[in-house]
Amino acid sequence: MTTRIERLVTAGQFTLDGGTWDVENNVWIVGDEREVIVIDAAHDAEAIAAAVDDRVLKAIICTHAHNDHIDAAPALADLTGAKIWLHPDDLPLWKMTHPDRAPDNHLADGMVIETAGADLTVLHTPGHAPGAVCLYDPGLGAVFTGDTLFKGGPGATGRSYSYFPTIIDSVRDRLLTLPPETKVLTGHGDPTTIGAEAPHLAEWIARGH
């Protein structure tokens, strides 16, 4: 069976620091005809469950705990029986959205999540959020970056729990060192590649946000 990557786009709202914004999120489904994992259960648990269909959902991986990336995670877990995984440094953010439901398991830098021929290595990439992670699979030639790296630069760092120098360190040291042909599959918007983004590091630093 062939391991494949599917993208589902869901719509909802991002809320932090007293502001609310309408957003569209990428929900990534990785696996084959039998089993999958979901990366970032955003906004619509029933739509995500429908996309998973009759496959076994092995895990719900949270790249970070901003509400727009985790708001549907408990409901999806209840629908499917899957466990929710989050880096513990993001528990303060998680509790803002789900004060009465903790994640089931903790992500750690270097751990490998295996499913259906995929081997996703967890890269702790703080900056956009303290517990932000990316998931890299050299076999798939892809890294799932959440809101750490986008087409055009690193994720936003202008709100609570974020810090620009830290995200620059994460992007430079953990992501731009990956092979240039690696697909960057982001939390919002269109994919890019490491090779397309790497030449712009100095511009991002000069921009300073």
Side-chain angles (χ1 to χ4, degrees), residues 3-7 9 14 16 23-30 37-40 42 61-66 68-70 85-90 93 106-115 117-209:
T3 304
R4 62 181 186 265
I5 299 169
E6 303 163 36
R7 177 168 70 163
V9 179
F14 167 53
L16 188 65
V23 289
E24 290 187 338
N25 286 62
N26 294 327
V27 180
W28 297 102
I29 302 171
V30 183
I37 64 167
V38 162
I39 300 170
D40 287 346
I61 311 296
C62 307
T63 61
H64 63 294
H66 284 153
D68 57 318
H69 291 255
I70 64 165
W85 292 73
L86 177 74
H87 194 284
D89 288 357
D90 258 22
L93 281 166
H106 288 166
L107 298 170
D109 186 65
M111 73 183 297
V112 177
I113 299 162
E114 300 177 12
T115 186
D119 294 303
L120 294 160
T121 298
V122 176
L123 308 176
H124 183 210
T125 52
H128 180 71
V133 300
C134 298
L135 303 163
Y136 173 54
D137 187 330
L140 293 175
V143 60
F144 300 88
T145 56
D147 288 0
T148 295
L149 180 63
F150 292 103
K151 186 176 185 178
T157 53
R159 303 189 182 98
S160 296
Y161 298 95
S162 64
Y163 190 52
F164 179 74
T166 303
I167 202 171
I168 287 294
D169 288 346
S170 292
V171 169
R172 181 186 59 228
D173 299 340
R174 307 306 305 275
L175 298 180
L176 298 188
T177 54
L178 299 176
E181 66 273 14
T182 303
K183 296 186 292 289
V184 175
L185 304 180
T186 57
H188 308 269
D190 294 328
T192 181
T193 65
I194 293 296
E197 302 307 317
H200 302 290
L201 177 64
E203 299 168 28
W204 304 336
I205 294 172
R207 207 162 63 208
H209 59 81

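Just so it is clear, the values below take in all heavy atoms, side chains as well, and ignore hydrogens, waters and symmetry mates.
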Could you state the interatomic distance from CZ (R207) to CZ (F164), rounded to the nearest 0.5 Å? 7.5 Å
All heavy atoms of H200 vs all of A196, minimum pair found to be CD2-O, 3.2 Å
Give the intermediate values and the outcome of side-chain contact (heavy atoms from CB on, under 4.5 Å) for residues I61 and V38. CA-CA 6 Å; I61 311 296; V38 162; over 6 Å; no
How long is the straight-line distance from NE2 of H69 back to CG of N26, given to the nearest 0.5 Å? 9.0 Å
Indicate yes or no for a side-chain donor-acceptor contact from D90 to the backbone of G131 under 3.5 Å, with no hydrogens or angles considered. yes
Test side-chain contact (heavy atoms from CB on, under 4.5 Å) on V27 and V9; report intermediate values, then the result. CA-CA 6 Å; V27 180; V9 179; over 6 Å; no
Sub-4.5 Å side-chain heavy-atom contact between T177 and I194: no
Approximate separation, where rounding is to 0.5 Å, of D119 CG and E114 CD: 5.0 Å
Just how far is it from atom CH2 of W28 to atom CD of E6, taken to the nearest 0.5 Å? 10.5 Å
G152 backbone acceptor or donor facing E197 side chain under 3.5 Å: yes
Is it the case that H128 and H66 place a side-chain donor and acceptor less than 3.5 Å from each other? yes
Polar side-chain atom of S170 near backbone of T166 as donor-acceptor pair, under 3.5 Å: yes
Please lay out, stage by stage, how V184 and T186 fare under the test side-chain contact (heavy atoms from CB on, under 4.5 Å). CA-CA 6 Å; V184 175; T186 57; 3.8 Å; yes
Under a 4.5 Å cut-off applied to non-hydrogen side-chain atoms, are T182 and Y136 in contact? yes
Could you check whether any side-chain heavy atom of L93 comes within less than 4.5 Å of a side-chain heavy atom of L16, counting everything from C-beta outward? yes
4.5 Å side-chain heavy-atom contact, H87 and H124: yes
Any ion pair linking D137 and K183 (charged N to carboxylate O, less than 4.0 Å)? no
So which of T148, T145, D40 actually passes side-chain hydrogen bond (donor to acceptor under 3.5 Å, both in side chains) with T63? D40
Nearest atoms (heavy-atom pairs only) where C62 meets I70: SG-CG2, 3.8 Å
Interatomic spacing from SG in C134 to CD1 in I39 - rounded to 0.5 Å: 10.0 Å
For T193 against P180, the heavy-atom pair lying closest together: CB-O, 3.8 Å
Using a 4.5 Å cut-off on heavy atoms from C-beta on, say whether the side chain of L185 contacts that of V143. no
Should T3 and L140 count as side-chain neighbours, where that means a heavy-atom distance under 4.5 Å? yes
I need the L149 CG to W204 CH2 distance, nearest 0.5 Å. 5.0 Å
Close side-chain approach of I168 and T157, heavy atoms under 4.5 Å: no
Backbone N or O of A42 within a donor-acceptor pair of the N25 side chain at under 3.5 Å? no
Report yes if the side chains of D109 and V133 come closer than 4.5 Å at any heavy-atom pair, otherwise no. no
Considering all heavy atoms, the nearest D147-H188 contact: OD1-CD2, 3.0 Å
Note: A65 and L86 closest approach over all heavy atoms is CB-CD1, 4.0 Å
Go through the structure and list residues passing salt bridge (charged side-chain N to carboxylate O under 4.0 Å, His left out) with D169, not counting sequence neighbours. R172
Taking all atoms of both residues into account, what is the closest heavy-atom pair of F14 and V23, and its distance? N-CG2, 3.8 Å
Test side-chain contact (heavy atoms from CB on, under 4.5 Å) on V112 and V122; report intermediate values, then the result. CA-CA 6 Å; V112 177; V122 176; over 6 Å; no
